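Per chain, numbering begins at 1; letters A, B, ... match sequence-line order. Predicted, not measured: the structure shown is a model, and the values here were computed from it.
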Amino acid sequence: MALRFPPRLLSQLKLSRRLNSLPAPVSEDSEDESLKFPSNDLLLRTSSNDLEGSYIPADRRFYNTLLKKCTVFKLLIQGRIVHAHILQSIFRHDIVMGNTLLNMYAKCGSLEEARKVFEKMPQRDFVTWTTLISGYSQHDRPCDALLFFNQMLRFGFSPNEFTLSSVIKAAAAERRGCCGHQLHGFCVKCGFDSNVHVGSALLDLYTRYGLMDDAQLVFDALESRNDVSWNALIAGHARRSGTEKALELFQGMLRDGFRPSHFSYASLFGACSSTGFLEQGKWVHAYMIKSGEKLVAFAGNTLLDMYAKSGSIHDARKIFDRLAKRDVVSWNSLLTAYAQHGFGKEAVWWFEEMRRVGIRPNEISFLSVLTACSHSGLLDEGWHYYELMKKDGIVPEAWHYVTVVDLLGRAGDLNRALRFIEEMPIEPTAAIWKALLNACRMHKNTELGAYAAEHVFELDPDDPGPHVILYNIYASGGRWNDAARVRKKMKESGVKKEPACSWVEIENAIHMFVANDERHPQREEIARKWEEVLAKIKELGYVPDTSHVIVHVDQQEREVNLQYHSEKIALAFALLNTPPGSTIHIKKNIRVCGDCHTAIKLASKTLVNTIASNVELESAVLLASSWSKITPTSVMTYDAAKRSKLESLTL
DNA sequence: GTAGGGTTAG
């Protein structure tokens with residue numbers, strides 16, 4: 001009996017009627033074990049009308065064309081049907097056909113089926129092994145890739161450049177990674193270390209290990225370079241905030257005659273965003289436009305994020321509007337942008353719009369809208385989306401619970417937040433307790449704060465942030481003895497607070513400041529300028545918030561110390577060194593303190609007013625588009641995803 | 001028949 005291919009398969013594959021002349025797949029009662037596994041699925045999907053047709057022998061090229069289509073378009077179901085037909089043909093034990101099938105399953109992401117094909121193959125060659133290894137490597141199963149590479153060697157097969165680039169990618173992804181150097185040595189022995197594919201994988205591995213010099217050595221030794229090798233190096237530096245180096249490499253790539261791709265642009269925008277190099281980011285954007293590159297999702301999403309993180313929600317929105325093609329990440333990036341700027345209602349509107357146009361929100365969409373609600377005090381809306389997420393079949397993960405605790409906590413319902421933690425179906429993580437701790441700081445709840453802090457110390461003892469927050473909670477409540485105890489504990493356990501610094505970009509140079517910066521050549525002018533600003537903001541009602549600054553000094557000294565936080569110095573410096581009316585963006589490595597938040601908010605107001613009334617021309621201070629609506633967290637931080645956040649208070 | 005580089009949260 002011969003079997004017709006189901007009509008759906010034909011239309012999807014857009015192939016000729018010849019398909020229906022192919023031999024039938026086997027049924028379940030076949031005696032040959034190796035022929036069994038795809039038929040269950042096939043029989044379920046094949047109607048009785050399909051079970052007619054005449055037999056002509058299949059040819060290799062025809063099967064290859066079919067499998068290639070299934071592989072490229074990830075048509076797993078159709079691939080299974082083709083598989084079933086092959087099993088009935090003379091190619092059922094053919095090694096090349098087996099490898100093609102294995103590759104089809106691997107590329108479609110069905111690694112279990114790929115593995116079954118592998119196990120049932122009567123013969124295997126180095127391509128068989130390589131295909132399985134690359135399947136694991138490309139689908140985030142580095143351990144399996146490394147395991148099979150070991151086995152491949154044990155069985156006496158020699159890896160080629162395909163095998164090595166796959167296994168190096170796996171080694172780079174394996175967190176406990178320690179086999180990178182061994183693999184490099186192996187490549188040198190085989191003579192593959194300067195191959196452009198192997199070398200690109202190797203230099204990528206070194207950048208992920210943080211060994212940038214080794215990555216450069218591999219790059220320099222490549223027998224030839226291509227856009228991928230350049231992009232791997234650029235991305236490596238971009239990931240480690242080596243923005244200047246990434247930009248320098250970008251120019252090197254252009255000099256070398258390679259056209260930047262979306263990979264290059266995405267890396268560079270990401271790097272500029274995380275370090276606050278907005279001007280350079282704009283330059284790269286301009287270059288992209290000049291090159292005639294279309295603004296599509298991958299690079300476009302990163303560009304949107306860059307403008308949003310740099311304080312320009314309007315530019316972020318423009319990018320979203322101009323995207324030639326949007327995907328779920330584009331929508332999420334927009335939601336995140338609104339959330340970060342404190343535009344909760346706008347985020348909620350766009351979330352609904354997203355659903356209206358038929359984009360299914362994923363776990364990050366919900367996280368973004370929850371964050372937006374939390375930061376804007378939209379308690380009921382936030383709770384509604386938390387319930388909706390569960391109804392939509394998305395199982396909340398730890399990060400969602402963190403946001404719900406944050407939502408309840410910020411709104412001041414600390415007891416409900418605690419109850420929520422106690423009733424969660426997962427074990428509370430350090431981040432969840434940190435959210436409660438932070439809420440306790442905002443609402444000055446010392447007892448619950450201490451309770452949350454104890455849990456954090458147990459789960460994440462090395463993070464200095466919670467120690468600082470607990471210190472602040474005690475200090476602002478006047479419990480100086482308890483505060484001193486926290487400080488002592490920090491010293492004893494060797495936990496160190498990351499020093500706060502702020503930086504500002506002026507004429508393509510980045511100027512960085514630390515608190516009480518005494519070595520700066522313009523320190524006296526800076527101090528005078530800040531005094532001017534201080535006088536103006538005091539007129540608007542600024543009162544220094546010294547509630548948790550320095551334990552054993554008097555009020556006057558506390559106030560003085562407060563005036564030399566790095567962001568205030570950066571602002572005064574920027575006012576001195578920019579033309580009137582300029583926009584000033586100040587970036588900071590850690591969370592801005594409450595006092596600086598208030599001071600700069602008022603400074604922004606007074607200076608902008610000054611310009612408007614044309615009394616005195618001054619630079620406009622515009623750290624974010626909506627100061628009054630946002631919490632300190634969302635403004636002067638950078639690279640929020642990667643850097644720890646703690647209070648910028650001097651202990 | 002097999003390979004390397006990129007995005008959204010906290």
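- The side chain of A:Thr131 lies closest to B:dT2, out of B:dT2, B:dG6, B:dT7.
- Put simply, the side chain of A:Ser165 and the base of B:dG4 share no donor and acceptor less than 3.5 Å apart.
- Among residues two or more places apart in sequence or in another chain, the side chain to side chain contact (heavy atoms under 4.5 Å, CB included) test is passed with A:Lys74 by A:Cys108.
- Counting any heavy atom pair closer than 4.0 Å across all strands shown, A:Asn226 reaches a base atom.
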Mind running side-chain contact (heavy atoms from CB on, under 4.5 Å) on A:Phe351 and A:Arg355 for me, showing each step along the way?
CA-CA 7 Å; A:Phe351 184 85; A:Arg355 290 171 40 141; 3.5 Å; yes
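- Nearest to the side chain of A:His262, among B:dT8, B:dT2, B:dG6, sits B:dG6.
- For the ring pair (Phe, Tyr, Trp, His ring centres under 6.0 Å) test, no residue two or more places apart in sequence or in another chain qualifies with A:His262.
- Residue A:Thr163 places none of its side-chain N or O atoms closer than 4.0 Å to OP1 or OP2 of B:dA3.
- With B:dG6, B:dT8, B:dT2 as the choices, the nucleotide that has an atom nearest any side-chain atom of A:Ile364 turns out to be B:dT8.
- Straight-line distance from the CG atom of A:Asp227 to the P atom of B:dG6: 13 Å, rounded to whole Å.
- The side-chain ring of A:His197 is stacked on the base of B:dA3, judged by centre separation under 5.5 angstrom and plane angle under 30 degrees.
- Residue A:Leu303 contributes atom CG, which lies 13 Å from atom P of B:dT8 at whole-angstrom precision.
- In the set B:dT8, B:dT7, B:dG6, B:dT7 carries the atom at the smallest distance from any side-chain atom of A:Thr302.
- For the pair A:Leu183 CG and B:dA3 C1', the computed distance is 14 Å after rounding to whole Å.
- For B:dG6, the OP1/OP2 oxygens have a side-chain nitrogen or oxygen of A:Arg208 closer than 4.0 Å.
- Judged by centroid separation below 5.5 Å and plane tilt below 30°, A:Phe162 stacks onto the base of B:dT2.
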